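First up is the structure itself, then whatever we jot down about it.
These numbers come from a predicted model, not from an experiment.
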Amino acid sequence: MKEQKLSLRTKLGFGVCDLGGNLYFTVIAFWLMNYLTDTVHLSAALAGTVVMIGRIWDAVTDPAVGVLSDRTRSRWGRRRPYLLFGAVPLALAMIFMFSVPSFLESQMSLFWWALLAYCLLGTAYTVVIVPYAALTPELTTDYRERSSLNGYRFVFALFGTLIGAVAVLPLRDAFDTVEKGFSAVGIIFGIIMALSALVTFLAVREPEHGTREIPKGEGIVASYLKVFACKPYLLITFAYVLHILAITIVSGIMVYYFKYVYNNEGATTLALGLLLIVSIPSIPVSVLISRRIGKKATYAIGLGIFAVALFVFYFVGEGVGTGGALLIFAVAGIGNGFVFPTPYAMVPDAIDQDYLDTGIRKEGAFYGTWTLLTKTGQGLANGIIGWMLGIAGFQADIVQNAASLGAIKLLLGPLPAVVFLLSILVLIFYPINEERYNAIRSAIEAREAGRGGA
């Protein structure tokens, strides 16, 4: 197979957008539940319900945006217009989400505001991130170059994650009320998210093959449902959803653990920061390792490292205190660096299998489904956190009872660790390695050469 190298400008320009994308993802995963329970003062059960209903709304928007981007024709291409016109609404929705109106007091009024804000934010995020992700298989068809492209992307993503993880508490605490602090978080982060999307719009050009084989005469629902006929795609997506479910539980409950078990909420920033700082150099290492042992094995190793770290933390975390916790989460950061870029380098390979089988490019439909199921995993995780804390009798800003502490410890230990192991189990059945992918590409190129000859 002939290598298809991308320029450094393209890799950097493509990666920048996910700085904002993962900034959003981190704030939602790490801080949304805590914001809704401890600042908005929604009950834990209602806060979890907000997130779950928001995911149901995503079942409409995510696939629709993906299919619409497949069918878009413009002088900027199929995907880039969504980055251009979605950037500002994304910033405004972020500001609205983290600026709770002071005149709302009852639980139900707060619930409906939070639900509206969260659905608007999720929709704005979808408009940008689904077409952006769908650029991945269009920029290169080279098996190894896709790992490199996503390596660049997820270095930016980890910087976005790092900002979202460590900057929230200092920003929040820089103001005289937590409400004003979170409003500042929404404004600053919203601007960063918008600018990162606009930089990618300006820096990346869609290749010519991204405008061919646009599905015609087929409804959005039919286009959406057809992605489920691709077995490799289903396997990598299911493995990733489990991965996201586990990591969102970890990131969402960590602030509760440090606040109510260690009585040291500020150390949450140190733990998250250390985990992510270790992750950054682990990303290029994972790209190199994937060249030697394959993407699937690299992904499984990362999931396994994270699972082992969580099991260890459950049994020794309370005894070793914050110092020991920092060390354990640093080890988990190695696994996090491995699992960050690898699945995103695997999805395009599965999509090419579908293109070989069907002869139609529909990357937007695939990434719309991917984003939907990813956010479903994230929403389910927040729902699990809220419901478990609600059942255990959790109440914000008081000394917790034994049941609440037990729930917090379970959520930052064996529960997500087992989910990581289930992800590995699903991953075992993923069939595409480098040899098989090269055969897929050879068959596609032979078919396209035949069309050109005809």
Side-chain angles (χ1 to χ4, degrees), residues 3-26 77 79-80 82-83 87 128-165 192-207 210 236 240 243 275-296 298-299 302 333-352 363 367 370-371 374 434 437:
E3 291 188 349
Q4 299 176 343
K5 295 294 185 181
L6 296 173
S7 68
L8 181 62
R9 170 193 167 96
T10 297
K11 291 179 180 179
L12 291 173
F14 175 73
V16 168
C17 186
D18 219 26
L19 187 153
N22 257 61
L23 180 58
Y24 163 87
F25 192 86
T26 301
R79 319 297 181 186
R80 291 171 63 234
Y82 293 87
L83 276 65
V128 171
I129 208 66
V130 170
Y132 165 69
L135 276 172
T136 308
E138 296 183 345
L139 291 179
T140 179
T141 59
D142 187 286
Y143 182 83
R144 294 188 174 187
E145 194 69 354
R146 283 174 171 173
S147 293
S148 177
L149 176 65
N150 281 282
Y152 279 86
R153 172 185 175 180
F154 281 95
V155 168
F156 280 104
L158 265 177
F159 275 111
T161 302
L162 185 62
I163 294 169
I192 293 173
M193 288 154 55
L195 290 176
S196 69
L198 292 173
V199 168
T200 296
F201 168 79
L202 294 171
V204 175
R205 296 293 181 267
E206 293 185 41
I236 184 58
Y240 186 68
H243 156 196
L275 185 152
L276 296 169
I277 288 170
V278 172
S279 298
I280 292 172
S282 299
I283 288 180
V285 173
S286 75
V287 172
L288 293 174
I289 290 176
S290 71
R291 289 175 175 265
R292 309 277 293 186
I293 67 174
K295 301 174 186 178
K296 180 170 77 171
T298 304
Y299 190 16
I334 299 173
N336 192 52
F338 277 45
V339 303
F340 236 64
T342 312
Y344 283 86
M346 298 168 71
V347 171
D349 304 338
I351 293 174
D352 277 350
E363 293 91 344
Y367 280 100
W370 175 268
T371 303
T374 298
E434 185 170 7
Y437 179 73

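Here the straight-line distance linking atom OG1 of Thr200 with atom CZ of Phe156 works out to 8.5 Å at 0.5 Å rounding. Within the model, atoms OG1 of Thr26 and CD1 of Ile163 stand 9.5 Å from one another, a figure rounded to the nearest 0.5 Å. Note that CG of Leu162 is 11.5 Å distant from CG of Asn22, once rounded to the nearest 0.5 Å. Arg80 contributes atom CZ, which lies 7.5 Å from atom CG of Leu202 (distance to the nearest 0.5 angstrom). Interatomic distance, OG1 of Thr136 versus CZ of Arg146, reported as 8.5 Å (0.5 Å rounding). For the atom pair OH of Tyr240 and OG1 of Thr374, the computed distance is 5.0 Å after rounding to the nearest 0.5 Å.
Side-chain atoms of Tyr152 and Leu12, non-hydrogen and from C-beta on, do get closer than 4.5 Å to each other. At least one side-chain heavy atom of Ile129 sits less than 4.5 Å from a side-chain heavy atom of Asp18. At least one side-chain heavy atom of Cys17 sits under 4.5 Å from a side-chain heavy atom of Val128. Contact check for Phe159 versus Ile280: side-chain heavy atoms found under the 4.5 Å cut-off. Between Arg291 and Ser147, the closest side-chain pair of non-hydrogen atoms is not below 4.5 Å. Annotation: side chain of Val204 is not in contact with side chain of Arg79 (no heavy-atom distance under 4.5 Å).
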- Just do the side chain to side chain contact (heavy atoms under 4.5 Å, CB included) check on Tyr367 and Ile351 with the steps written out, would you? CA-CA 10 Å; Tyr367 280 100; Ile351 293 174; 3.4 Å; yes
- Checking side chain to side chain contact (heavy atoms under 4.5 Å, CB included) for the pair Val278/Asn336: CA distance, chi angles, key distance, verdict? CA-CA 9 Å; Val278 172; Asn336 192 52; over 6 Å; no
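Among all heavy-atom pairs drawn from Lys295 and Thr342, the shortest one is O-CG2, 3.2 Å. Heavy-atom minimum distance, Thr298 versus Ser290: OG1-CA, 3.2 Å. Of all non-hydrogen atoms in Leu6 and Lys11, the two that sit nearest each other are O-CE, 3.8 Å. The two atoms that bring Ser282 and Gly337 nearest to each other are CB-CA, 3.8 Å, heavy atoms only. Residues Ala203 and Gly13 approach most closely at CB-CA, 3.7 Å, considering heavy atoms.
Side-chain rings of Tyr132 and Phe14 approach one another, their centers coming within less than 6.0 Å.
The side chain to side chain contact (heavy atoms under 4.5 Å, CB included) search around Lys296 returns Met346, Leu427, Tyr430, not counting sequence neighbours.
Taking the six-membered ring where the residue is Trp, Phe154 and Tyr344 present tilted rings, their angle falling between 30° and 60°.
For Glu138 (side chain) and Glu206 (main-chain N/O), no donor-acceptor pair under 3.5 Å exists by modelled atom type. Within the 3.5 Å criterion, the main-chain N or O of Ile283 finds a donor-acceptor partner in the side chain of Ser286.
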